[in-house]
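Computed from a predicted structure; not experimentally measured. Numbering of ligands and ligand atoms starts at 1, following listing order.
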Amino acid sequence: MATPITKAVIPVAGLGTRFLPATKAMPKEMLPVVDKPAIQYVVEEAVAAGLSDVLMITGRNKTALENHFDKVGELEQALLSKGDAEKLEKVKFSTDLADVHYVRQGDPMGLGHAVLRSKMHVGREPFAVLLGDDIIDERDVLLKRMLKVQQKRNTTVVALLEVDPSQTHLYGIATVEPTGDDDVVRVTGMVEKPAPGDAPSNLAVIGRYVLRPEIFEILESTPPGKGGEIQLTDALQALATGPEWAGGVHGVIFRGRRYDTGDRLDYLKAIVQLAVDRVDLGPEFRPWLVEFAAELDDRS
Ligand code: G1P
């Protein structure tokens with residue numbers, strides 16, 4: 001029987017330089033997307049998929065992140081004395097959400113290196129990796145489907161999204177062949193951030209992975225690749241073209257809603273997209289937005 005998956009690893013050691021000065025003293029993962037820090041969406045997604053054992057790979061300046069998932073006694077007390085049950089609930093929610101552990105990355109040497117730091121915690125079980133820049137709409141299923149594919153095929157699973165060819169240089173890109181399942185492909189090759197024009201397809205790897213523990217041994221012998229960093233993509237390429245016992249790599253094609261919070265423009269779009277659908281904000285925000293967009297049209 002397949003080993004059940006219970007652990008999620010979330011690398012959060014990035015410096016967030018694209019958001020300076022906001023990220024000078026605050027982790028980028030704590031930037032609010034509407035009224036929730038970006039990282040909370042990701043932890044909620046892991047928990048919704050049944051993974052409540054969460055390991056964050058952190059670095060300097062990440063204390064706010066740890067505090068967010070910890071109990072803040074004086075705030076709870078203040079809300080309790082005011083009788084503000086609704087806000088108290090919001091404060092407690094992130095504390096009780098998951099069993100969150102932390103390990104420092106030390107010298108950040110790339111995503112592959114960050115994943116390797118989880119070896120002791122993960123042990124010899126398959127596990128999920130979620131990257132904080134990607135938010136997957138909770139109404140669309142991705143991680144649960146990936147876990148199912150991993151369990152059924154005992155393979156390594158990546159999430160693939162069709163992107164515009166002008167965007168392929170920003171992602172790991174996969175070459176694939178079909179399987180019997182409409183949303184599942186076999187990955188035959190992977191390349192990290194190919195130069196424009198060199199991409200073998202427009203299927204981009206987005207920030208969700210379900211890995212088998214063999215990935216650790218592969219990462220240990222993966223030399224620095226693109227940008228001088230140890231790339232997870234290079235280790236996955238070795239698996240995809242490696243011996244049969246390693247189980248190969250499969251991709252789940254995601255056709256749902258994904259929000260990128262990794263750069264400023266995408267971050268702005270993510271906030272607007274999520275806010276218009278909120279029951280508490282959408283009804284007022286949507287007509288305002290339509291009017292504002294019409295005014296913008298008049299301006300041009
Ligand atoms: C990382 C990976 C890349 C992947 C991307 C998904 O890149 O290296 O293969 O496509 O995440 O968001 P980063 O965006 O951290 O530069």
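For atom 6 (C) of ligand 1, the closest non-hydrogen atom on the protein side is Val205 O, 3.4 Å. Looking from atom 11 (O) of ligand 1 to the surrounding protein, the closest heavy atom is Leu131 CD1, 3.4 Å. The protein non-hydrogen atom at the shortest distance from atom 8 (O) of ligand 1 is Glu192 OE2, 2.6 Å. Annotation: atom 14 (O) of ligand 1 to nearest protein heavy atom, Lys193 NZ, 4.4 Å. Here the protein heavy atom with the shortest distance to atom 12 (O) of ligand 1 is Asp134 OD2, 3.5 Å.
A side-chain donor-acceptor contact under 3.5 Å links His113 and Gln105.
Between Phe216 and Phe127, the distance separating the two ring centers is shorter than 6.0 angstrom.
Taking a 4.0 Å cut-off on heavy atoms, Asp133 fails to register as neighbouring ligand 1.
Between His101 and His121, the ring planes lie tilted relative to each other; the angle falls in the 30° to 60° range.
The Thr233 neighbourhood of ligand 1 comprises atoms 9 (O), with distances under 4.0 Å to a heavy atom of that residue.
In this structure, Lys269 is not positioned above the aromatic face of Tyr259 in the sense of NZ or CZ being under 6.0 Å from the six-membered ring centre and within 45° of the axis.
Atoms CD and CG, from Gln150 and Leu211 in turn, are 9.0 Å apart once rounded to the nearest 0.5 Å. Note that NZ of Lys62 and CD1 of Ile57 are 12.0 Å apart. Values are rounded to the nearest 0.5 Å.
Between Gly172 and ligand 1, an N or O atom pair is found at a separation short of 3.5 Å.
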